[in-house]
Amino acid sequence: MGMFLSDLQAVLHVLGNSDFEKDCVVTYGTQTIHGSLSDVIAFSIKNNLPLNDISDTELYNKSKKGLDSNLEGNMLLKMLGFKEIINLDLLKNTPYAYIHDLSDPVPQDLHGIASVVIDGTTGYHVFDRAQTLKNVTHLLSVGGLAIHTFMVDPLKPHFTSFNPQSLAQFYLKNGFGELQLYVCNRAHSNTFFKFHGDLNGPICLDKSEKYCLVFACKKLADVEVTSNVIEHGYSQFIRYQEKVENLASILNDKKYAVWGTGVHYEKHYQPFVSSTSNREKMWGFVDNNREKWGKVINGHTIHSPKDLVGSDVEIVLIASQSHPEIFQQLCEILYSNVNALKNTYLLYEDNIDLKRIDRAMDEYRYSVGLKNPLSL
């Protein structure tokens, strides 16, 4: 497997703008760079990456490529100054080969050995992808970088590559952070873009182009590794429950309103609102049902949503499962009170974003043909 100039630039950009040790780099498969040595040097210099000398023997005999042909990836890694190079592969193609099937767990002696793991369009071809990702977490030491490059071919909608949301959820679940994503257009060797949106959300691309995505993240802590991405959704729900149970400390005497007066309110919020110590900061209830407006519950009046305008409410407790819809309504009403919107969002961000993902993926599943944008 290998990298073209567009995705190589993104990989070099990640390396040049990240803090990591150059002790050991592990690659999935033996990498080939589809570009000349002059391109590699130019892109490395542009990304402030210092380069070491390599001998003619290394360049011509080991690589068997030369100056103007495709370059063996190990030559670049030697130039970048990595002290040790390991190519995890089923074939002994290089002196750096370590024979291993990526569908199997990496041996214990490789745990924590790498400061960088580079998967250049290899990992998503492995049958057991979950084990492939788990191997990355085991190979890396704390502070190390994981880099995946993977193809997205809009002319093959059935083609299964890595999914940025799955990668993000897997790595966030397993002690990683500082997530980055780059979109590389392989039709234009000097074109790549950093994705600045929410990596947990859908990514829409023009279906007329062929892309390679470059995903990178840093290992921040050693945790018990799991490949059950569904747990990410459960953990979000658990965090929501924990926040509800600790509302007093989270609100910190903020003036609050409660949106919703139904079963969800009675189950999750009524004990908090009924507490004597929390009554003073309660502004009142909000409900979309106009038949409830003016009625009193637990000593507090039910208001129209528009009554929030001009109020001194600092945060809104959403006593409903429709977090994203109500938050959107709040944004349309309280746009002049950004502080209240911020406080409310921070309390419910996991659930708001999770529902947005579900809705976006439902829209994608029901889309047909090539007329719609590609959503990952």
Evaluate the side-chain proximity of [Y] to [X]: yes if any heavy-atom separation is below 4.5 Å, no if none is.
X: I118; Y: L77; value: yes
X: D253; Y: K281; value: yes
X: F272; Y: V258; value: no
X: L346; Y: I315; value: no
X: F215; Y: L179; value: yes
X: V316; Y: I326; value: no
X: Y182; Y: Q9; value: no
X: P50; Y: K22; value: yes

Roughly how far apart are [X] [atom1] and [Y] [atom2], rounded to 0.5 Å?
X: L76; Y: L8; atom1: CG; atom2: CG; answer: 6.5 Å
X: H125; Y: F162; atom1: NE2; atom2: CZ; answer: 9.5 Å
X: N135; Y: L110; atom1: CG; atom2: CG; answer: 9.5 Å
X: L140; Y: K219; atom1: CG; atom2: NZ; answer: 6.0 Å
X: D89; Y: Q31; atom1: CG; atom2: CD; answer: 9.0 Å
X: T122; Y: L102; atom1: OG1; atom2: CG; answer: 8.0 Å

Has [X] got a side-chain atom pairing as donor or acceptor with [Y]'s backbone, closer than 3.5 angstrom?
X: Y348; Y: I318; result: yes
X: D7; Y: F4; result: yes
X: S275; Y: P271; result: no
X: N337; Y: V313; result: yes
X: N47; Y: L49; result: no
X: S320; Y: G260; result: no

Minimum heavy-atom distance [X]-[Y], with the two atoms named:
X: A10; Y: C184; value: CB-SG, 3.8 Å
X: D104; Y: Q131; value: C-CG, 3.8 Å
X: Y98; Y: P107; value: OH-CG, 3.4 Å
X: I99; Y: L91; value: CD1-C, 3.7 Å
X: G123; Y: Y28; value: CA-CD2, 4.3 Å
X: L12; Y: F43; value: CD1-CB, 3.6 Å

Exceeds 12 heavy-atom contacts within 6.0 angstrom, atom CG of N246: yes

T27 and its side chain to side chain donor-acceptor pair (under 3.5 Å) partner, picked from T94, N87, N74: N87

Could you tell me which residues satisfy side chain to side chain contact (heavy atoms under 4.5 Å, CB included) with [X], sequence neighbours excluded, listed by chain and number?
X: S274; answer: Q270, N298
X: K267; answer: none
X: E21; answer: D23, S115

Aromatic ring pairing F20/F82, orientation class (parallel under 30°, perpendicular over 60°, tilted between): parallel

Pair I333-Q329, side-chain contact (heavy atoms from CB on, under 4.5 Å): steps then yes or no: CA-CA 6 Å; I333 296 170; Q329 196 173 348; 4.1 Å; yes

Listed once per pair and sorted, the side chain to side chain donor-acceptor pair (under 3.5 Å) pairs that draw on residues 136-149, sequence neighbours left out: D119-H148, H148-Y171

Check against side-chain contact (heavy atoms from CB on, under 4.5 Å), V273 and N278: CA-CA 6 Å; V273 173; N278 300 320; over 6 Å; no

Report yes or no: do [X] and [Y] belong to one cluster of Ile/Leu/Val/Met/Phe/Trp/Tyr joined by side chain heavy-atom distances under 4.5 Å?
X: V14; Y: I41; answer: yes
X: I45; Y: M79; answer: yes
X: F193; Y: L15; answer: no
X: V309; Y: L341; answer: yes
X: Y345; Y: L251; answer: yes

Would you say the side chains of [X] and [Y] form a donor-acceptor pair under 3.5 Å?
X: Q180; Y: N17; result: no
X: Q328; Y: E332; result: yes
X: S18; Y: K218; result: no

L247/L347 under side-chain contact (heavy atoms from CB on, under 4.5 Å): CA gap, chis, key distance, verdict: CA-CA 9 Å; L247 279 176; L347 182 58; 4.2 Å; yes

Audit row: M151, Y211, side-chain contact (heavy atoms from CB on, under 4.5 Å) steps and yes/no: CA-CA 6 Å; M151 291 300 300; Y211 296 93; over 6 Å; no

Pairs satisfying ring-ring contact (aromatic ring centres under 6.0 Å, His included), at least one member in residues 276-304, at least two apart: Y265-F285, W283-H303

Residues which pass salt bridge (charged side-chain N to carboxylate O under 4.0 Å, His left out) with K134, listed by chain and number, not counting sequence neighbours: none

